[in-house]
Engineer: 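Submitted below is the structure of interest, expressed as structure tokens.
Lettering of chains follows the sequences in order, A, B, ..., and the numbering in each one begins at 1. Source: prediction; values computed, not measured.
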Amino acid sequence: MATMGFCDDWKSGQSSSVAWTEKALAAAAADDLNCLTLLDRQRCQAQSQEVEQRMAGGFNGPLVGLPYVAEDAIMVKGQISSGGSRMLANFAPPFGAEAIRRLDQAGLVLIGKANMGELKMGGEESSYFGPVIHPLDAARRCGGAAAAVASDIVPLALAVDSLGEVRRQSAQAGVVCCKPSYGTVSRFGVIANVSSCEQIATIARDVKSAAALLSLIAGHDPKDGTSLPQESYTYDLQQQTAGKKVAVLLDYQTGDYDRRCLEQGVSLLRQAGVEPVEVKTRYAAYAHLALTVIAAAEGCNNVSRFDGVKYGYRAPEYRNMEELYCYSRSQGLGMEVKQEAVLGVYVLAKEQYQAYFQKALQLRRLLWQEMEALFREYPLILTPLAAGSPYLAGEDRGGKLSFRDRFYTAIPSLLGLPAVAFSAGEDETGLPLPCQLFGAQGQDGAVFAAAAALGK
Amino acid sequence: MAYEVVMGLEVHAELATNSKIFCACPVGYGAEANLNVCPACAGMPGLLPITNKKVVELAIAAGLVTNCQISSETTFDKKNYYYPDLSNSYQITQLYAPICRDGYVDIHTSQGDKRIGIKQIHMEEDAGKLMHNDMLGISLVDYNRCSVPLVEIVSKPDFRSAEEVIAYLEKLRSLLRFAGVARARFEEGSIRCDVNLSVREKGDPHFGVRTEIKNMNSLSAIERAIAYETERHIDAIEWGEPLIQETRRWDDAKNASFAMREKENAGDYFYFPDADLAPIEISPQWIQQVRAALPEMPDRKQERYVTEWGIRAKDAALLSHSPSLARIFEQSADLCGNPKEAANWLVGEGLALAKKHGIAIDDMALDPEKLAYLIRGVEDHTLTRANGKKLFAAIFSDNVDPAAYIKEHNLDASVDQGALETLLAAIVADNPKSVADYQGGKTKALDFLFGQAMRQLKGAGEPGEIRRILEKLLRPE
Amino acid sequence: MEKEKFDLYCRFNKFILEGEEKEELYSLVQWRLQQLAPLAELDCGDTPPMVYLTSLRQVLREDTVEQTISRQEILACAPEEQDGAFVTPRVAD
């Protein structure tokens, strides 16, 4: 049986995949946070029974038999994969994501799909299925995958780290999120938003489980041209962190909240025998702006295929082709997606291309160079993940707050760096104070090990 | 006032691959709607493009046969616009780093030789097709052609006449076909040509207002479209009417071009690099491999036909124009050992028959072995030239077996030499008056005797041989 | 962004918006552009753009045909289908 110390709290003594699956199903049915957009009882019950049989035949592994949820942008064959959008609320693709296929093979059980900001472009209020209620404070908002793990529906989740919101939401819900280097996990079957940045990340209660889940989906996939050649990944969480130098970026000390997050993070580092060094950078404060421009351009392009012709939402009434396009897209896509799309066209139009899109790509290089230099001295970087507590209900309408907090999450997204997000402590109301550690491309194991050394 | 027309061409050719450029769907003509379609070319989310290696190799080959520089690194970009035949609402193409640049194609026209510059060649994907049903007021969308690989070959504005354009297109087609890059047939749309045209006063260093003409599906349509558009520009200039830079659609039935509806994007396609497609590295070794695999090109063939085989320059040009005709010619020449005769038959009979039956030169399917058999028959006098023509026509249209056909139609000209001489001697003996006339200097009398002989022989015997024997018999002792 | 340009970019995106919704979107986009101003004003000199995050060169695919998903499965997702084709209103040439 899979009792190697993974997700033990969640298992609470149970030891069969069928029991775990029933537990998850019961919790999902009782979910009052709106974590899930879809619950597939039949698929997961059949899957858990099959896994039991395989296990009886000697099949085993650290996470075998455990249930998980996947964010709705990660497509499952024959199952509605909406990406949190009305546009795709009826779309059941005839193929599924590579990550799902790998977890099927690894003997994990997919319970259902997690709610999310619309098409990864929208913030906490943008899902067509309504916002997700924060597991620690019902007045606040969260992401579906983080909430599903934080509320113990499942011990594990997959979510697309597009602009970093998944990291922020996880850390603010008190769970851990491991984001790999770009090119580690296949994007095949993931509804794309920021193609040049995004990766599937894993969420769990602890780094050990999240990293183990990641190693199951990581590895070269010929169906993704940006997939790195390495066939498989294991993350050594025992590697030495004490004695390493960690840079704490002064750029992120802008207010009380982010300072408190950093203080907590710094004190955790000190406890782990790591000496944090304060560093000021030249370009970090521009990272979220460059990311926003690239995200708008790529996102706009990625949602242009949703036109009411081939699949997805088609407006009920139209008199000609132009109306079919316009009504289907205007009704099928929400306000924040429209905002990104208009912005995307703006930054790509001939008149503005140089000032915006080209500039964003140039800044990406400047920041890359700056970070490379920094990593030579400091293999790890600590930053806070938000400017304030999780958003109150309705507060993020229009996406202004999620834009604000992109400031903190942008660098690992923009540069494709490995990062781990966690709660560094609690504020006076008991809400987590979110931090992240990130490192150079390919240093995923060292980054995750550092968070493990902090007791995460 | 003397005017000069200035043109540049954008030629799209579908590459001769088995599968599409960014997905593994088959490429083919005439398949039922959407049979050659997968989620990627049907525009579903979650799919990532993976480039077909053959596409890159064929694009390199296209660059080599048009004397281009091949880029050491090439990348793809996205071109955004909405149209129902474009399943992703963007086309993957190459803007910033095309695969080939700066080449040329040499052409020959009635005005002499000319070099046409190639600005660039880039790879891109094709769009699907719409079938309109006006009765129901609907369009049916078929993505079979979506993501079929294309090269776009962009010329410099070097053309000054329709004749140059046609010569270039024929030459380019021939190069692409010889190199195995493309089928390149206008009638099936596997090669398409847009013409950018402007008119200026002769001697004016500045270009006039440029229009782009699309939708011509034959060389003759291109010729007519150029004539029409040139006339339209000159009229506008002479009457002082403004010309607008625009795209115009050629309507072959109406023999006129019409302005296309302006898209709302005002000519901006919001191009940007496709981050899903990493750069492609093209090493000198790879280019060398592609070069080494190229067959002999038409110019070289033409030269060889003239210098090695003594073929007339005009015939050599015709024979080297089409890969299939060149193959038939070379093989039959080898088999019969007489390239000149093979050329004579193919140019004299073959091309005439093709024209008569409305068959494209590329579709001529003559079995070189059968042609060689025919040529050998004529050479050793077992087949008269006249009967050879009959046989050629039968091979051409019905691919008959020559031996069986000769037997069936009694075309065998071989007559026993002794019997022939006896028969001719008898004719001479029966016509003393003609003999006397001939010997008296009326050489025409020989024709009468020859006619008698031909009537009795009913087509057998070689005419030259018969004349030779008659002359010998008539010579005074 | 001027109103005309906003209208143009909405049209390009095939968005047709009225009244309050349109005003809201316009103000959101305006706000976002204000946030982006520091980037637009930054001088990056002639730094080459960075499009790709890895130093990967493309691995090309062999020219072989593979079809695993049927036309039926693809058309099953279509809002309207006829004779194996997707149906739209009559498209202007």
Side-chain angles (χ1 to χ4, degrees), chain A residues 91-95 182-183 196-197 222 225-226 228-229 286 289-290 292-293 300 304 307-312 314 318-327 329-330 333 335-336 338-339 341-343 345-346 349 355-356 358-366 368 398-400 403 415-416 441, chain C residues 1 5-6 8-18 21 24-29 31-33 35-56 58-61 68-70 72-81 86-92:
Chain A
F91 176 56
F95 65 102
Y182 188 76
S196 76
C197 299
T226 60
L228 292 165
Y286 291 96
L289 303 181
T292 295
V293 168
C300 167
S304 66
D307 60 3
V309 173
K310 301 141 304 195
Y311 53 83
R314 176 181 282 199
Y318 47 84
R319 286 169 301 185
N320 52 46
M321 190 60 221
E322 189 64 13
E323 287 192 357
L324 185 154
Y325 272 148
C326 289
Y327 293 153
R329 286 178 57 80
S330 298
L333 298 171
M335 180 62 79
E336 289 172 49
K338 291 193 183 91
Q339 178 187 176
V342 173
L343 198 65
V345 167
Y346 182 86
Y356 289 89
Q358 180 79 355
K359 195 71 70 65
L361 295 179
Q362 287 181 306
L363 192 104
R364 187 191 250 177
R365 181 167 311 275
L366 290 171
W368 174 269
K400 288 186 181 176
F403 171 80
L415 303 183
Q441 218 172 60
Chain C
M1 189 190 310
K5 206 173 237 184
F6 172 75
L8 183 72
Y9 293 165
C10 282
R11 267 210 309 286
F12 173 73
N13 271 298
K14 304 293 181 196
F15 297 146
I16 194 162
L17 298 172
E18 308 274 339
E21 200 192 357
E24 188 188 354
L25 182 61
Y26 183 54
S27 79
L28 282 173
V29 173
W31 182 83
R32 191 64 70 92
L33 280 175
Q35 309 303 306
L36 290 175
L39 177 75
E41 287 154 15
L42 189 70
D43 182 7
C44 291
D46 52 6
T47 307
M50 182 175 179
V51 176
Y52 313 98
L53 289 184
T54 63
S55 50
L56 276 185
Q58 217 183 126
V59 179
L60 304 171
R61 167 177 74 73
T68 51
I69 294 168
S70 70
Q72 217 172 353
E73 288 174 278
I74 290 165
L75 288 170
C77 301
E80 196 181 344
E81 183 247 309
F86 301 89
V87 180
T88 68
R90 174 67 160 91
V91 177

Engineer: Decide yes or no on side chain to side chain contact (heavy atoms under 4.5 Å, CB included) for Leu28(C) and Met335(A), but give the supporting numbers first.
Structural biologist: CA-CA 9 Å; Leu28(C) 282 173; Met335(A) 180 62 79; 3.7 Å; yes
Engineer: Among Trp368(A), Phe95(A), Tyr327(A), single out the residue with the greatest number of heavy-atom pairs under 4.5 Å to chain C.
Structural biologist: Trp368(A)
Engineer: Of the non-hydrogen atoms in Gly308(A) and Pro79(C), which two are nearest, and what is the gap between them?
Structural biologist: O-CG, 3.5 Å
Engineer: As an exercise: rank Cys10(C), Pro48(C), Ala92(C) by heavy-atom pairs under 4.5 Å with chain A and give me the winner.
Structural biologist: Pro48(C)
Engineer: Could you check if a side-chain atom of Arg329(A) sits within less than 4.5 angstrom of a side-chain atom of Asn13(C), using non-hydrogen atoms only?
Structural biologist: yes
Engineer: Using non-hydrogen atoms only, which part of Leu324(A) is less than 4.5 Å away from chain C: side chain, backbone, both, or neither?
Structural biologist: side chain
Engineer: Name the member of Glu41(C), Glu80(C), Arg90(C), Glu81(C) that forms the most heavy-atom pairs with chain A at distances under 4.5 Å.
Structural biologist: Glu80(C)
Engineer: To the nearest 0.5 Å, what is the distance between OH (Tyr346(A)) and CE (Met1(C))?
Structural biologist: 6.0 Å
Engineer: I need the minimum non-hydrogen distance between Cys77(C) and Pro94(A), along with the two atoms involved.
Structural biologist: SG-CD, 4.2 Å
Engineer: Between Phe15(C) and Leu333(A), is any pair of side-chain heavy atoms under 4.5 Å apart?
Structural biologist: yes
Engineer: Tell me, out of Gln358(A), Arg365(A), Arg319(A), Glu323(A), who's got the most heavy-atom pairs with chain C below 4.5 Å.
Structural biologist: Arg365(A)
Engineer: Ile69(C) versus chain A, heavy atoms under 4.5 Å apart: side chain, backbone, both or neither?
Structural biologist: side chain
Engineer: Measuring only between side-chain heavy atoms, which start at C-beta, is Val51(C) closer than 4.5 Å to Ser196(A)?
Structural biologist: no
Engineer: For the CG atom of Leu42(C) and the CG atom of Leu289(A), what is their distance to the nearest 0.5 Å?
Structural biologist: 9.5 Å
Engineer: Return the minimal non-hydrogen interatomic distance between Val309(A) and Phe86(C), and the atom names on each side.
Structural biologist: O-CD2, 3.7 Å
Engineer: Heavy-atom distance under 4.5 Å to chain C: side chain of Ala341(A), backbone, both or neither?
Structural biologist: both
Engineer: Find the distance between NZ (Lys310(A)) and CD1 (Ile74(C)) and round it off to the nearest 0.5 Å.
Structural biologist: 12.0 Å
Engineer: Could you tell me which non-hydrogen atom of Cys44(C) sits nearest to which non-hydrogen atom of Gln362(A), and how far apart they are?
Structural biologist: CB-OE1, 3.4 Å
Engineer: Could you tell me if the side chain of Glu322(A) sits less than 4.5 Å from the side chain of Ile16(C), heavy atoms only?
Structural biologist: no
Engineer: Any idea which of Tyr182(A), Tyr286(A), Tyr318(A) has the most non-hydrogen atom pairs under 4.5 angstrom with chain C?
Structural biologist: Tyr286(A)
Engineer: Heavy-atom distance under 4.5 Å to chain C: side chain of Gln339(A), backbone, both or neither?
Structural biologist: both
Engineer: Apply the test side chain to side chain contact (heavy atoms under 4.5 Å, CB included) to residues Thr88(C) and Tyr325(A): give CA-CA distance (whole Å), side-chain angles for both, the deciding distance (0.1 Å), then the verdict.
Structural biologist: CA-CA 10 Å; Thr88(C) 68; Tyr325(A) 272 148; over 6 Å; no
Engineer: If you tally heavy-atom pairs under 4.5 Å against chain A, which of Phe6(C), Trp31(C), Tyr26(C) wins?
Structural biologist: Trp31(C)
Engineer: Atom NZ of Lys14(C) and atom OG of Ser304(A): how far apart are they, to the nearest 0.5 Å?
Structural biologist: 11.5 Å
Engineer: Is the shortest heavy-atom distance from the side chain of Thr292(A) to the side chain of Arg32(C) under 4.5 Å?
Structural biologist: yes
Engineer: So do Lys338(A) and Val29(C) actually touch side chain to side chain, heavy atoms under 4.5 Å?
Structural biologist: no
Engineer: What distance separates Leu228(A) CG from Leu56(C) CG, expressed to the nearest 0.5 Å?
Structural biologist: 5.0 Å
Engineer: Side chain, backbone, both or neither: which part of Glu73(C) has a non-hydrogen atom closer than 4.5 Å to chain A?
Structural biologist: both
Engineer: Say you draw a straight line from NZ of Lys359(A) to CG of Asp43(C); how long is it, rounded to the nearest 0.5 Å?
Structural biologist: 7.0 Å
Engineer: Less than 4.5 Å to any heavy atom of chain C: does that hold for the side chain of Arg364(A), its backbone, both, or neither?
Structural biologist: both
Engineer: Within the 4.5 Å heavy-atom criterion, are Thr54(C) and Thr226(A) side-chain neighbours or not?
Structural biologist: no
